Each structure stands twice: as C-alpha cells, then as structure tokens.
Amino acid sequence: MTDPHAVSRPTQAVILAGGQGSRLRPYTDDRPKPMVEIPGTGTPIIGHQLVWLAEEGVTDVVVSCGHLADVLQSWLKSARLPVDVRTVVETEPLGRGGGLKYAAAHLPHPDRPWYATNGDIWTRFSLRDMADFHIERDATATLALARPRLPWGAVQTDGFGHITDFIEAPPSTFEINAGVYVFSPAFAELLPERGDHERTTFPQLARKRRLAGFPIPQGAYWRAIDTAKDLTEAAKELAAPTR
C-alpha cells in the first residue's frame, strides 16, 4: 500500500553551520563548530548529520557557513557525501532568522517543505515520523523537542520532607527546542530579513496555533555539542554497550 505521507515529506534541508563555537575552544580555534570531530568516530558533527539526513530521505542540503567558512567548504568538497550539498556564506551578519531565510532561498525546491537543523546537534530519530506529525497537524513549522538529562543528581522526598531516593542525572521535566525542524514552504516568507526568528516568527505562529512540537521518542539519541564536556560525554555514550 502506498504511504499517503511519503510524497509530502521533505527531501531537502538546511544546516545552520555559521556559529563561532566560542565555548568549544580550543577545538574551534581552527575550524567551525560543525567541523569538530566526535571522539572515537573520526568524523565531524556535520558528517554525521549528512548521513542521518540521507538515511531519512533527504537528497539536497544547503549548508549556511560563517565562521571559518573556507575550512568547512574545503572539507565538503573533498569528502564523499551521501547527498548533494550547496554552501552559502552570509556577506554580513543576519542573525539566526535572517541566516535561515538566506539559506532557504537557495533550496532547489522553494515550493516544497524542508528540514533544518543547527550545526551542533548530534542525534538519531525518525525525521519521517516528525514530517508525518507536521503534516497531520497542518503546521507551518514543527520543532523537535528533547528532554536532556540534568547535569546534577536529584533527590526525591515524601510528603513529610524525608528524602526517599537519589537519582543520578535524571531527564528534565521540561521539554526544550532540540534544534531540528520541519518547515512548510510558506515558512520562509515569514522569517525576518535580519534578527532572531525565535523571538518573532515562532511566537507569531504559536499564537495562531500553527507551531507544533514533536517529542523525540524515548530512547532516541540526542545531544547538543556546545562545550568540551559535551564532547567528552558524547565519547562516553558512544563507547557504552547500549545508548
């Protein structure tokens, strides 16, 4: 039986790879953040992202470059990639929303839906399921939502204030923006020329009930690589028997 959603799922994506990654220094002194290698893999973050996107049916990717763009462009030209990649470089700072709009203008099919991801996200979950979720809710934009583990241990107490248990690094009780998105074709027109879409476009869509949130399934891997500690933790998780 033909999947009715298949023809509506995105086959194109944008990767926002222009950040300086100052909290990842010294790793980002000579390369942009998406070019930092995940320990134990020999592959930079963006390499893992491109493989994941290809596995999820994506054929075309626009990479928005900024900090040390030539390093990233050189790697993309020399690497064996599973998708067609085009790079764009902002000639002036446009902010996250403006940068996303600029990159989206270079997608091969502006009249079709598209994925987007921040360049520092290492994850594995079904983008096809997320796209179906987006379609079923008739959303203009859908955000993946994650529950990251707290960096501290937690305690449980009873109604009398007695401590009953200690929990090491439990998942957060709040969901956060996981930095992975599905956008309908009309979304690009709603983005600001300059500035942050999370302060403008997203709140406007939320008020109109056109912004959806897709919870990343329990057990699926997700991590934002923001600091050297994140790299260390990612290496530990990779080496663990199960993740």
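In this text, all values refer to a predicted model and were calculated from it rather than measured experimentally.
Residue pairs meeting the salt bridge (charged side-chain N to carboxylate O under 4.0 Å, His left out) criterion with at least one partner in residues 56-72, sequence neighbours excluded, are E56-R128. Residue pairs meeting the salt bridge (charged side-chain N to carboxylate O under 4.0 Å, His left out) criterion with at least one member in residues 73-85, sequence neighbours excluded, do not occur.
In this pair, Y181 and F183 present their aromatic rings parallel. The plane angle is below 30°, not in the 30 to 60° band.
In terms of heavy-atom proximity, G119 sits nearest to I45 at O-CG2, 3.5 Å. Nearest heavy atom pair, residue V83 against residue A54, reads CG1-CB, 3.7 Å. Heavy-atom minimum distance, Q49 versus D120: NE2-N, 4.2 Å. Counting all heavy atoms, side chain and backbone alike, L190 lies closest to T201 at O-OG1, 3.0 Å. For the pair S184 and A139, the tightest heavy-atom approach, listed with the atom from each and the gap, is OG-O, 2.9 Å. Heavy-atom minimum distance, L191 versus H197: CD2-CB, 3.5 Å.
Here the straight-line distance linking atom CG of D138 with atom NE2 of H134 works out to 8.0 Å at 0.5 Å rounding. To the nearest 0.5 Å, atom CZ of residue F214 and atom OG1 of residue T142 are 9.5 Å apart. Here the straight-line distance linking atom CD1 of I135 with atom CE of M130 works out to 11.5 Å at 0.5 Å rounding. Rounding to the nearest 0.5 Å places CG of N118 at 12.0 Å from OG1 of T123. Note that CD of E55 is 11.0 Å distant from OG of S126, once rounded to the nearest 0.5 Å. For the atom pair CD of Q156 and OG1 of T164, the computed distance is 5.0 Å after rounding to the nearest 0.5 Å.
No single ILVMFWY cluster, assembled from side-chain heavy atoms under 4.5 Å apart, contains both L81 and V88. Note on I46: it does not cluster hydrophobically with L68, by side-chain heavy-atom contacts below 4.5 Å among ILVMFWY residues. Linking ILVMFWY side-chain heavy atoms closer than 4.5 Å, directly or via other members, places W222 and I225 in two distinct hydrophobic clusters. With hydrophobic clusters built from ILVMFWY side chains whose heavy atoms lie under 4.5 angstrom apart, V63 does not share a cluster with V14. By the rule that hydrophobic residues join a cluster once side-chain heavy atoms approach within less than 4.5 Å of another member, W75 and V62 end up as members of separate clusters.
A heavy-atom distance below 4.5 Å is not found between the side chains of T117 and L16. The closest side-chain heavy-atom distance from S8 to P113 is not below 4.5 Å. Under the 4.5 Å side-chain criterion, counting only non-hydrogen atoms from C-beta, P10 is not in contact with V58. With contacts defined as side-chain heavy-atom distances shorter than 4.5 Å, the pair L94/L100 does not qualify. When side chains are defined from C-beta on, I15 counts as touching L50, because their heavy atoms get closer than 4.5 Å.
For Y221 and W122, the gap between ring centers is short of 6.0 Å.
Figure legend: R137 and F133 shown as a cation-pi pair, the cationic atom lying under 6.0 angstrom from the six-membered ring centre and within 45 degrees of its axis.
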Subject >> Trace of the side-chain contact (heavy atoms from CB on, under 4.5 Å) decision for F202 with L143 >> reply: CA-CA 10 Å; F202 281 173; L143 287 61; 4.0 Å; yes
**OP:** Determine, step by step, whether V61 and Q12 satisfy the side-chain contact (heavy atoms from CB on, under 4.5 Å) criterion, reporting the C-alpha distance in whole Å, the side-chain angles of both residues, the deciding distance to 0.1 Å, and the verdict.
**Re:** CA-CA 6 Å; V61 177; Q12 55 187 357; over 6 Å; no
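Taking Ile, Leu, Val, Met, Phe, Trp and Tyr as members and joining any whose side-chain heavy atoms lie under 4.5 Å apart, directly or through other members, the hydrophobic cluster of F166 also contains V155, I163. V89 shares a hydrophobic cluster with no other residue; no ILVMFWY side chain has heavy atoms under 4.5 Å from its own.
At least one donor-acceptor pair closer than 3.5 Å links the side chain of K101 to the backbone N or O of A188. With Y115 contributing its side chain and L127 its backbone, the two residues share a donor-acceptor pair below 3.5 Å.
Looking at residues two or more places apart in sequence or on another chain, you find a ring pair (Phe, Tyr, Trp, His ring centres under 6.0 Å) between W52 and F125. Under the rule for a ring pair (Phe, Tyr, Trp, His ring centres under 6.0 Å), H109 has no partner lying at least two apart in sequence or in another chain.
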